[in-house]
Number of protein chains: 2
Amino acid sequence: MPDYTPPAPKSERILNAAEELFALHGFDGVTLRGIATAAGVDVALLNYHFGVKKKLFEVVFMRRAEILNEARLNALLEAEASSGGRPSLEQIVSAFLRPIQRFQLTGDEGWRNYLALVGWVNSSSVWGEEMMHKSFDPLVARFIEALKKNMPDADPQRIYWAYQFFSGALTLTLAQTGRIGRLSDGLCRESDVETVYDLMIPFVVAGFRKLCVESVEDVF
Amino acid sequence: MPDYTPPAPKSERILNAAEELFALHGFDGVTLRGIATAAGVDVALLNYHFGVKKKLFEVVFMRRAEILNEARLNALLEAEASSGGRPSLEQIVSAFLRPIQRFQLTGDEGWRNYLALVGWVNSSSVWGEEMMHKSFDPLVARFIEALKKNMPDADPQRIYWAYQFFSGALTLTLAQTGRIGRLSDGLCRESDVETVYDLMIPFVVAGFRKLCVESVEDVF
DNA sequence: TGATGAATTCAACAAATGTTGAAAATTATC
DNA sequence: GATAATTTTCAACATTTGTTGAATTCATCA
């Protein structure tokens, strides 16, 4: 047995199974027994390791949030450094998106599931709010700082709204619903991650420009 | 008793309560007893009127879909008529969005709930697909026709992707998560429907132009 | 009024759910 | 190798869940 890799510890197997199932069916659509079965462990083990169901969900959600935040922040800092503190809109938006793309491209199934889960939580009204706030809003605020600095004359309200549209476009793509594939009769594949971001970035940047840079009168 | 309005029939009360609760918590987050209590009826009545739970959800979802589709199609037909068959991008996007805005502005709580529900279903991976497809894709295909006609030289794939980003921006806004309000410290209010669409339309149009009209080289 | 059919309630079912405590097995520590 | 601590299993609990059939009320109309 030359390259035997020991099986992941059970606590990790639980998190991975939970990650996938929560991403597919949401919090209420998943049972602890379903997770336990998928992970190949006893139900009681979930409670032993992670406490009640909601706590398990939080652990799943937080597990990769910090990693993603750090990657995004680094990308932004790099963009700022390489531009003498004045990154372009493209650079800012790219710093927000490209790390996600990188994680998706690693082929790690876990990241795909996790990102779909984020998409799910972000558009869930009651549930997501608190968790999205705690785990992502500090970083988002930092990006909006950068946007404000890039467009000092823009109405802040417009920057926030543009960010909301941006966030929506990203969220739906992360959710991996498969709908665009069906709609386009297979022409667009959500798995084609490179194309997605190559197109999303200019789409979003153009929107920001229109709303926040060009003259107000042009909008109406 | 001068203007006494009789209470809505119970079957309608059930649909309204279900609409609100499903919009807030999703399919699995809602119990039939919760709906029954909110509607002030017996649990067994849900089964009598609508059959099993999934069927009830479908009835709720389909109830307003046709109305919305008709309004949107009329708006598109009008735009085409008033422009000699060559509606502008703004007109097409507006025809897609303004009817939604109109329904939101009627003040009918039911429409707000329903639209939030659509936002929820649209970004749910397993659940939504079939229902979104059946109830909305025919109309969406019609809009994409119009877009293709407006931009005959555009790569169809890009039109579909731009639509996906468009749909995401709309979906997140419909979902009414309250997150943008918190993020902007109250500067943006999701209830301010007029502002939302006045900004979403130019944002989306600019994105479409960038991806589908301007030269390919500009994108990268 | 009385009879027919629809609407509504009542009571209960079997199955599934989150959670827990105690026992057993495994691992670590000395 | 004995002891302690950690991990895992077993069995079960009290609720809650979707669903159903029989009984009751209500409305319609001859």
Side-chain angles (χ1 to χ4, degrees), chain A residues 1 4-63 117 120-121 124 126-128 130-131, chain B residues 1 4-63 117 120-121 124 126-128 130-131:
Chain A
M1 58 198 86
Y4 163 79
T5 54
K10 296 200 172 182
S11 65
E12 220 170 289
R13 298 235 307 276
I14 292 172
L15 289 180
N16 292 337
E19 191 170 58
E20 176 174 359
L21 290 176
F22 280 139
L24 279 174
H25 306 105
F27 181 78
D28 293 302
V30 172
T31 73
L32 295 183
R33 282 173 177 81
I35 297 172
T37 301
V41 305
D42 190 275
V43 208
L45 207 54
L46 312 202
N47 200 40
Y48 172 74
H49 277 298
F50 306 104
V52 300
K53 186 182 180 187
K54 190 168 182 177
K55 190 73 189 162
L56 166 62
F57 187 89
E58 281 178 27
V59 172
V60 169
F61 193 78
M62 301 294 185
R63 179 166 62 146
L117 180 60
W120 195 88
V121 172
S124 106
V126 175
W127 245 93
E130 195 59 27
M131 238 171 333
Chain B
M1 58 199 86
Y4 164 78
T5 55
K10 296 201 170 181
S11 65
E12 220 170 286
R13 297 235 307 276
I14 292 172
L15 289 179
N16 292 337
E19 191 170 58
E20 176 174 357
L21 290 176
F22 280 140
L24 279 173
H25 307 105
F27 181 78
D28 293 301
V30 172
T31 73
L32 295 183
R33 281 172 177 80
I35 296 173
T37 302
V41 305
D42 191 275
V43 207
L45 206 54
L46 312 202
N47 200 40
Y48 173 73
H49 277 298
F50 305 105
V52 300
K53 185 183 180 185
K54 191 169 183 176
K55 190 73 189 160
L56 167 62
F57 187 90
E58 281 178 26
V59 173
V60 168
F61 193 78
M62 301 295 185
R63 179 167 62 146
L117 179 60
W120 195 87
V121 172
S124 107
V126 176
W127 245 93
E130 196 58 28
M131 237 171 330

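These figures come from a predicted structure and were not determined experimentally. In what follows, chains carry the letters A, B, and so on, assigned in the order in which the sequence lines appear, proteins first and then strands, with residues in each chain numbered from 1.
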| said: Side-chain N or O of His49(A) versus OP1/OP2 of dT6(D): is the shortest distance under 4.0 Å? | reply: no
| For the pair made of CZ in Arg13(B) and C1' in dT8(C), what is the distance, rounded to whole Å? | 12 Å
| Nearest-Å distance, NZ (Lys55(B)) to P (dT19(D))? | 13 Å
| Lys10(A) side chain near dT9(D) phosphate (N/O to OP1/OP2, under 4.0 Å) | yes
| query | Rounding to a whole Å, what distance do you find between Leu21(B):CG and dG18(D):P? | reply | 12 Å
| task | Please report the closest heavy-atom contact between Phe57(A) and Val121(A), naming both atoms and the distance. | result | CZ-CG2, 3.8 Å
| message | I'd like to check Leu15(B) versus Phe50(B) (side-chain heavy atoms, cut-off strictly below 4.5 Å). Are they in contact? | response | yes
| task | Find out whether Val41(B) and Leu46(B) are in side-chain contact, i.e. whether some heavy atom of one side chain is under 4.5 Å from a heavy atom of the other. | result | yes
| Phosphate-side-chain proximity, Lys53(B) and dT17(D), N/O vs OP1/OP2 below 4.0 Å | no
| request: Find the distance Leu45(A):CG to dT19(C):P and express it as a whole number of Å. | output: 15 Å
| remark: All heavy atoms of Ala39(B) vs all of Arg13(B), minimum pair found to be O-NH2, 2.9 Å
| remark: Tyr48(B) OH to dT9(C) C1', in whole Å, measures 13 Å
| task | Provide, to the nearest angstrom, the distance between the CD1 atom belonging to Ile14(B) and the P atom belonging to dA7(C). | result | 11 Å
| Near-strand residues of residues 23-38 of chain A, defined as heavy-atom separation under 4.0 angstrom from DNA chain C | Val30(A), Thr31(A), Leu32(A), Arg33(A)
| query | Just wondering, do Trp120(A) and Leu24(A) contact through their side chains at under 4.5 Å, heavy atoms? | reply | no
| query | Starting at CD of Glu12(B) and ending at P of dT8(C), how long is that distance when rounded to a whole Å? | reply | 12 Å
| message | Give me the atom names and distance for the closest heavy-atom approach of Val30(B) to Lys53(B). | response | O-NZ, 2.7 Å
| Atom CG of Asp42(A) and atom C1' of dC10(D): how far apart are they, to the nearest Å? | 7 Å
| said: At less than 4.0 Å, is any side-chain N or O atom of Asn47(A) found next to OP1 or OP2 of dT19(C)? Yes or no. | reply: no
| task | Under 4.0 Å between any heavy atoms, over every strand shown, what does Val43(B) touch: base, sugar-phosphate, or nothing? Just pick one. | result | base
| query | Do Arg63(A) and Asn16(A) come within less than 4.5 Å of each other through their side chains, counting heavy atoms only? | reply | yes
